[in-house]
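Fair warning: this is a prediction, and the values are worked out from it, not measured in the lab. Numbering of residues begins at 1 and proceeds along the displayed sequence.
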Amino acid sequence: MTKDFTFTIKSICLDENYHPAANTRITTNFANLARGSYRQANLRNALKMIDNRFNALAQWDNPKADRYSVELEIISVDMDIAGSGNSFPSIEILKTNIVDHHTNKRIEGIVGNNFSSYVRDYDFSVLLQEHNKDQPKFTIPDNFGELHGKLFKYFISSDSYKKHFKKPPVICLSVSDNKTYHRTENQHPALGVEYQPNEPSLTEQYFKKMGLQVRYFMPPNSVAPLAFYFVGDLLNDYTHLELISTISTMETFQKIYRPEIYNANATAGKSYQPNLKNLDHSLTQIVYDREERSKLANEQGKFAEQHFIKPYQTVLEQWSANYA
């Protein structure tokens, strides 16, 4: 069964001239920014925010805060199913690369960052909603996330992944607004102060099936913790510059997308519950359509159902049953 899926990995530079491809998930943060009349200004300003944040965190031997810049690649993963010759856009992620202008070296960063998946859209926007429609109590369907998790683990253990990337991915997400996070005494030079949630979230459970564990850190001079999903040892498997590339990239997107949390005017305390209705926050100068993003997630979930889940249901069920 392992020969039923093959992956094709494509890369495109995310810069101010970026235009989303036809099969790009429009809900992806960077794709949303790259639309409309403010497209180029959005991208230019976001990329500048990333560079500024990177230099603020990588402050050693960097007196003018201009030593580094971050280059971003959009990694698109198409999957061929059962040798059909028809590929499905399974995963899209960002890869960071760091340019050191003092040494004129280009340093490979981390792949993962802004993770997006049509199958995840299906699970959350179609399957989960239909399962709970007109039900008195919210419940999780049996085997929720099992197929997606196995496909992800299969991908990162594949020869295609290993050929393109040296280390496992790190996926950085926002914290959950219905959980409370407590500050610990643990502190890392780049990641900052560690927080722990009062209970696991549905996202944690979903990503656990992808083979990922999670830790929460609030980087220096940040106002809220970020969720870091990873394989292995987050603190020791990656260099400080690699981690800073992820922090600067994803914190920038979160400031744009969730300013109530990540661009709040007050810093998270010892006990912190994110609040998406927080009025005491600042807005960036970047235009972002959150309402449209939510609507499109439903459309993309239905797209996955129509073009992936239903046509290949038998193959997927057989493969999932045999994949350890």
Side-chain angles (χ1 to χ4, degrees), residues 9-16 18-21 23-35 39 42-43 45-51 53-54 70-78 89-98 108-121 124 148 152 155-156 161 164-165 167-176 203 206-207 210 212 214 216-217 219 222 224-231 234 238 242-259 261-263 284 286 288-290 292-294 296-297 300:
I9 298 176
K10 301 176 183 178
S11 171
I12 185 173
C13 179
L14 175 57
D15 57 20
E16 65 180 61
Y18 164 70
H19 288 270
N23 63 349
T24 293
R25 291 173 68 256
I26 301 301
T27 60
T28 306
N29 286 332
F30 51 80
N32 190 292
L33 295 181
R35 303 170 71 213
R39 182 192 64 80
N42 277 347
L43 291 168
N45 291 336
L47 294 168
K48 184 61 177 176
M49 286 176 64
I50 292 171
D51 286 349
R53 184 62 172 129
F54 188 101
V70 179
E71 295 180 350
L72 298 176
E73 292 179 76
I74 302 168
I75 308 297
S76 300
V77 183
D78 291 342
S90 59
I91 293 171
E92 199 161 56
I93 47 182
L94 280 181
K95 182 176 183 292
T96 61
N97 296 288
I98 306 148
E108 188 171 352
I110 293 179
V111 66
N113 298 290
N114 195 112
F115 170 80
S116 60
S117 160
Y118 272 109
V119 178
R120 185 175 66 163
D121 280 343
F124 280 91
H148 182 268
F152 181 82
F155 168 61
I156 65 172
Y161 183 92
H164 286 84
F165 312 113
K167 295 184 179 182
V170 176
I171 298 169
C172 183
L173 303 178
S174 169
V175 287
S176 173
T203 300
Y206 192 83
F207 276 67
M210 296 162 60
L212 302 176
V214 63
Y216 298 88
F217 286 91
S222 296
L226 292 158
F228 296 88
Y229 290 87
F230 60 95
V231 177
L234 177 67
Y238 303 90
E242 288 173 339
L243 293 171
I244 289 172
S245 72
T246 284
I247 295 166
S248 58
T249 299
M250 296 314 301
E251 190 178 81
T252 293
F253 284 133
Q254 296 297 355
K255 283 182 176 180
I256 297 166
Y257 175 50
R258 287 193 162 175
I261 297 175
Y262 291 98
N263 221 26
T284 67
I286 298 171
Y288 191 100
D289 193 334
R290 281 201 297 194
E292 182 185 47
R293 183 181 189 272
S294 298
L296 286 169
Q300 290 167 174

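Using bins of under 30°, 30° to 60° and over 60° for the plane-to-plane angle, the ring pair F207/Y229 lands in the tilted bin.
Contact annotation: the side chain of H164 never approaches that of S11 to less than 4.5 Å [non-hydrogen atoms, C-beta and beyond]. Looking at heavy atoms from C-beta onward, I74 lies out of side-chain contact with N114 at the 4.5 angstrom threshold. In this structure, I75 and E73 have side chains that are in contact, with non-hydrogen atoms separated by less than 4.5 Å. No side-chain heavy atom of I98 sits less than 4.5 Å from a side-chain heavy atom of I244. In this structure, the side chains of N113 and F253 stay at 4.5 Å or more apart for every pair of heavy atoms. Within the 4.5 Å cutoff, no side-chain heavy atoms of T203 are placed close to those of S176. Looking at L226 and L173, their side chains never come closer than 4.5 Å, going by heavy atoms from C-beta outward. Contact annotation: the side chain of F217 never approaches that of P225 to less than 4.5 Å [non-hydrogen atoms, C-beta and beyond].
The CD atom of E251 lies 12.0 Å from the OG1 atom of T246; values are rounded to the nearest 0.5 Å. With rounding to the nearest 0.5 angstrom, the OH atom of Y18 is 12.0 Å from the CG atom of L47. Separating the OG atom in S76 from the CD1 atom in I12 is a distance of 8.0 Å, to the nearest 0.5 Å. With rounding to the nearest 0.5 angstrom, the CD atom of Q300 is 10.5 Å from the OG atom of S117. Summarising the geometry, atom CE belonging to M250 is positioned 10.0 Å from atom CD1 belonging to I171; distances are rounded to the nearest 0.5 Å. Rounding to the nearest 0.5 Å places OG of S90 at 6.5 Å from CG of D78.
When every heavy atom of A227 is checked against every heavy atom of S174, the shortest pair comes out as CB-O, 4.1 Å. The heavy-atom pair separating E16 from R39 by the smallest distance is O-NH1, 3.3 Å. For the pair F228 and C172, the tightest heavy-atom approach, listed with the atom from each and the gap, is CE2-SG, 3.8 Å. Scanning all heavy atoms of the two residues, the minimum distance from I286 to M49 falls at CD1-SD, 3.7 Å. R53 approaches P219 most closely through the heavy-atom pair NH2-CB, 4.0 Å. Scanning both residues, G112 and P169, for their nearest heavy atoms gives CA-CB, 4.1 Å.
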- Mind running side-chain contact (heavy atoms from CB on, under 4.5 Å) on V111 and Y161 for me, showing each step along the way? CA-CA 10 Å; V111 66; Y161 183 92; 3.1 Å; yes
Practice prompt. Kindly determine whether V231 and L212 satisfy side-chain contact (heavy atoms from CB on, under 4.5 Å), including the steps that lead there.
Written response: CA-CA 5 Å; V231 177; L212 302 176; 3.3 Å; yes
_Working note: F115 + M210, criterion side-chain contact (heavy atoms from CB on, under 4.5 Å); need CA distance, chi angles, decisive distance, verdict._
CA-CA 12 Å; F115 170 80; M210 296 162 60; 3.8 Å; yes
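Of the residues I256, N42, T252, N45, the one that meets the side-chain contact (heavy atoms from CB on, under 4.5 Å) test with T284 is I256. With H148 as the fixed residue, the ring pair (Phe, Tyr, Trp, His ring centres under 6.0 Å) test singles out one of Y206, F155, Y118, F124: Y206.
Aromatic ring centres of Y238 and F230: separated by at least 6.0 Å.
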